[in-house]
Amino acid sequence: MGTVEIEKIYNSKAIEEKWLKFWEENGFGHAVAGTGKNPYSIVIPPPNITAVLHLGHALNNTIQDILIRFKRMQGYESEWMPGTDHAGIATQNVVERKISRETGKTRQDVGREDFIREVWKFREETGGTIIEQLKRMGCSCDWKRERFTMDEGLSRAVTEVFVRLYEKGLIYRGKYIINWCPRCQTALSDEEAEHEEQSGHLWYLRYPAADGSEGVVVATTRPETMLGDVAVAVNPADQRYKGLVGKKLILPLVGKEIPVIADDFVDPAFGTGAVKVTPAHDPNDFEIGLRHHLEPVIVMNGDGTMSAHAGAEFEGLTREAARKKVVEKLTGLGNLVKIEDHLHAVGHCYRCHTITEPYLSSQWFVRMKTLAEPAIDAVKDGRITFYPERWTKVYLGWMENIRDWCISRQLWWGHRIPVYYCNVCGEVMVSRTPVTECTKCGSADIVQDPDVLDTWFSSWLWPFSTFGWPDTTPELRTFYPTSTLSTAPEIIFFWVARMIMAGIEFMGDIPFSKVYLHGTVRDEQGRKMSKSLGNGVDPLEVIETHGADALRFSMIIITAQGQDVFISYAGKNGKKQEHNTFDTGRNFANKIWNASRLILTLSGGSIGRADSVKKDLADRWIVSRFNREKSSITQMLENFKFNEAAQTLYHFIWHDFCDWYLEIIKPRIARGGDEKTFVLRNAAEILAGSMQLLHPIMPFVTEEIWQLLNEHLGEKQSASIMISKWPEADTGLIDPEIEREMEMVQSLITTIRTIRNEMNVPLGEKADVMVAPADEDARRVLDANSSYIMDLASVKHLAFTEQSKRPPKSAAGISDKNEVFVLLEGLVDFDRERVRLSKEIERRGKFIASIENKLSNENFLSKAPVEIIEQERRKANDTREEMKKLIANLESLGE
RNA sequence: GGGCGAUUGACUCAGUUGGUUCAGAGUGCCUCCCUUACAAGGAGGAAGUCACUGGUUCGAAUCCAGUAUCGCCCACCA
């Protein structure tokens, strides 16, 4: 029969499950290469396999899903390539800790091969967690193409790239100072060492001269490195030290002679103007050492303890202990002159936060300058655009000062460096395939370089390695270059910039044309959400409590282009909070749910056609408004104004559609017949169309309602809203005149409601109202739509009267120069009415004064455009007219 | 030491090219309403000299300069 039973509250859980299954089974996210349709593609910033979904992922992937769903509906062959990153250091650390926890063994105990096997096992077991979580959010990736940076194909691409760059002379091996993490025991790139301001000390140390004279005082922040000093440098122009250059000093504690040298690097104004030179443990000192042919002395081991070169007394001490001991001993010897407080930047490992060590070692590097140049051009000439635009400068600044990239890591988990050494003749062989025989001496005694490559050395190939490069696959031809990259600004250097370089170098074309950089997700105190702070909100919990649509919508509506996002959420078991970010989306989903419930319930199973019914003002108004929003939302999504699109839809659906249109059609539905059929159909069509516009942001509830509505309408144009055709605006249906008339009616209704409220006449009681229209046109419009006024303002009798003829026992108001009189039964509180009217008059008086002020300004009259002046005049006149009427009404109260 | 953001009602934030619709929204607050879609709701209301100072302009939340506070990024000065 015709009854439709629908739950009163939107049940996100059941509905999300249903459609997830449906989408997955039908593979709507899958895109096919070479169909000839216009392609649109996005590659996901691959989350680490160790990652669990946090709000940053939630935000970024919602943005990508919005774009991909939008474009898919617009008819593009839309590919969203998903996948994960092997995350060398992070994953190795996690698995090491796991093994240590479970068996007490170190990775060395386990051995390289078995350890790697363990990592793969970890990846099989938990590496897909985040992918499952992305699915729960509704991400419509092309799951059939999911990739992993350690896949065979991607590994092949990595090797290929290494070999090509090596052959081109862009990869080299050398002994340089790099950032070293003593805990992870690997080299890091400059970007992986995060510098933080820390308060430390500046120690002033006296190095006596070999000839027994006073010598020199140097200042250092790291006294323990003095054990590896090989010289003291001063500025050649520094008069204070003129006579000392070339002389010998005695290095305290070590007892060896070191020279005083002159180097421009030294700033005479800092410290004492004399700097100790430790080439093995400071990048600047290393440069000085090279210039002066000084042999570096490495006094530290890879684990951060002191080496044998530090001397028997210090060997084996941690760097912290060594520092203490050096200071103590120097104090004892009287060589410590003074200690000052000093603020300086200290590098930390971006994975484990241990203080990094500038460390001299042999590493592999990529020469970046030549790769950077075309990548700079691509941004400068506008082939690639950043949104928001301000990141362009950040990108260019880094690229223009780019330094060589240290790509070797002393880890086990990652892509092994494809370099082989002959143990017999020392030949170095770089090869795409494993080398078993020396190409020079024929020996079979070959070892592969033990190091692996930086994780980012595979990520920078992601936009094309995932589509099959180095083979020219149909996918690569179709989907490369990709369209948009959406990511966090933190990884511009790590990833975005390098992808641009790699894309141009290996594909001969940019990897994407638009880069959207979203803001950082923070808590209500502005702190970045992080595991260590424990202030993270678990998106899955939000999905549990509020639903995935609510999670998505709530984040999107507060994300102004590239601005940071602040979240208030106490959690499932947390204390009640004044404001909960995710309520916005949940309430909205519920509102939509109930709007559809009204239509579906009243339609009783199906909605027929009644095309002959004459359209009302509201019918044409909602259609006009809807078509207007179609084009603005399309525009907003094209321009990454996601929050505006969300805001616009929220307002249209909630206020225009629900508050006005549905309220207007309720009595018409109650009347039944063809009119009922017609308005139900109109409402259902508008709502179904709104669902399409909203679908990219809230995929689940929109699918559910779109399906239900179409079923009732008997108009299922496609299997899923996901693949339905994006609503195009019919500009012919946008009618400003209709909108103007409707606004007049709305304004009148609001005025009546306000008067009633202020005069304590609840909407529950019907009231008699008289209207004095401003002119013939107003009379026509209000007369034609008097039923709206009666229904929505709860009016018993509506009559028209002349202007300024206030009926006795009534309260007056004005809207668009139309006068309204609400007849009050019983005694009218004249004082109350007097106060009300006076306030209205006062408000208008001030407004008129401000306009007149403008209009009496000669400069304004002579310089402002005529339209503006006319506009101001009209405003003044209209308001004056309204005021006159209000005054008349006030006066009529006198008797 | 550079660079970049932010500063708008009690709270959290919008505000594209300076001028009706620009002083907005949501939350909170106050009043009324459990009206047959929704109390996770409806109707109405109070509340802001748009951080400060100066400038450009007929006209500035919006453009320019400077100041303050907060936050972020970058930087080899020991």
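Predicted, not measured: the structure shown is a model, and the values here were computed from it. All chains are named by letter (A, B, ...) in the order of the sequence lines, taking the proteins before the strands, and each is independently numbered beginning at 1.
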Does [X] place a side-chain N or O at less than 4.0 Å from the phosphate oxygens OP1/OP2 of [N]?
X	N	result
A/K8	B/C38	yes
A/K393	B/C4	yes
A/T750	B/G44	yes
A/H342	B/C77	no
A/Q563	B/A6	yes
A/R222	B/C77	no
A/K875	B/G19	no
A/N587	B/G41	yes
A/R753	B/G44	yes
A/H281	B/C76	no

Once you round it to whole Å, what is the distance between [atom2] of [N] and [atom1] of [X]?
X	N	atom1	atom2	answer
A/K766	B/C33	NZ	C1'	15 Å
A/E490	B/C74	CD	C1'	14 Å
A/K591	B/A40	NZ	P	12 Å
A/F265	B/A75	CZ	P	16 Å
A/R628	B/U21	CZ	C1'	11 Å
A/E758	B/A43	CD	C1'	12 Å
A/F860	B/G19	CZ	C1'	8 Å
A/Q871	B/U21	CD	P	8 Å

Give one of base, sugar-phosphate or nothing for [X], where a contact means two heavy atoms less than 4.0 Å apart.
X	result
A/E858	nothing
A/H655	sugar-phosphate
A/A219	base
A/W654	sugar-phosphate
A/K666	base
A/N590	base
A/E197	base
A/P865	base
A/R403	sugar-phosphate

Problem - Salt bridge flag under 4.0 Å for residues A/R874 and A/E870 - result: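 No, no charged N to carboxylate O under 4.0 Å.
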
Practice task
For the pair A/K839 and A/E842, find out whether any cationic side-chain nitrogen is under 4.0 Å from an anionic carboxylate oxygen.
Solution key: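 Looking at A/K839 and A/E842, the cut-off is not met.
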
Pairing donors with acceptors under 3.5 angstrom, does anything connect the side chains of [X] and [Y]?
X	Y	result
A/Y350	A/E194	no
A/N179	A/D190	yes
A/Y176	A/D404	no

Exercise for the section: Searching all strands shown, indicate the nucleotide that pairs with B/U62 (Watson-Crick or G-U wobble; both distances under 3.5 Å). Expected result: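 Pairing partner, where one exists within any strand: none, as none qualifies.
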
Exercise for the section: Can you tell me the pairing partner of B/G5 across any strand shown, Watson-Crick or G-U wobble, with both distances under 3.5 angstrom? Expected result: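 Result: B/C70.
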
Exercise for the section: Taking the six-membered ring for Trp and the single ring otherwise, decide whether the centroids of A/W391 and A/F386 are under 6.0 Å apart. Expected result: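 No, ring centres 6.0 Å or more apart.
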
Exercise for the section: Could you please name the option among B/A37, B/A40, B/G19 that lies closest to any side-chain atom of A/R586? Expected result: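 That would be B/A40.
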
Exercise for the section: Name the closest nucleotide to the A/A345 side chain, picking from B/A78, B/A75, B/A25. Expected result: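 Of the options given, the side chain of A/A345 lies nearest B/A75.
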
Practice task
Give a yes or no on whether A/E737 atom CD has more than 12 heavy-atom contacts from other residues, nucleotides or ligands under 6.0 Å away.
Solution key: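 Result for CD/A/E737: enclosed.
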
Handout entry: No-H, no-angle donor-acceptor pair, A/D267 side chain to B/C77 base, under 3.5 Å
Key =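 Side chain to base: pair found, below 3.5 Å.
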
Handout entry: Side-chain-base donor-acceptor pair under 3.5 Å for A/E663 and B/A37
Key =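 When only heavy-atom distances are counted, A/E663 does reach the base of B/A37 through a donor-acceptor pair under 3.5 Å.
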
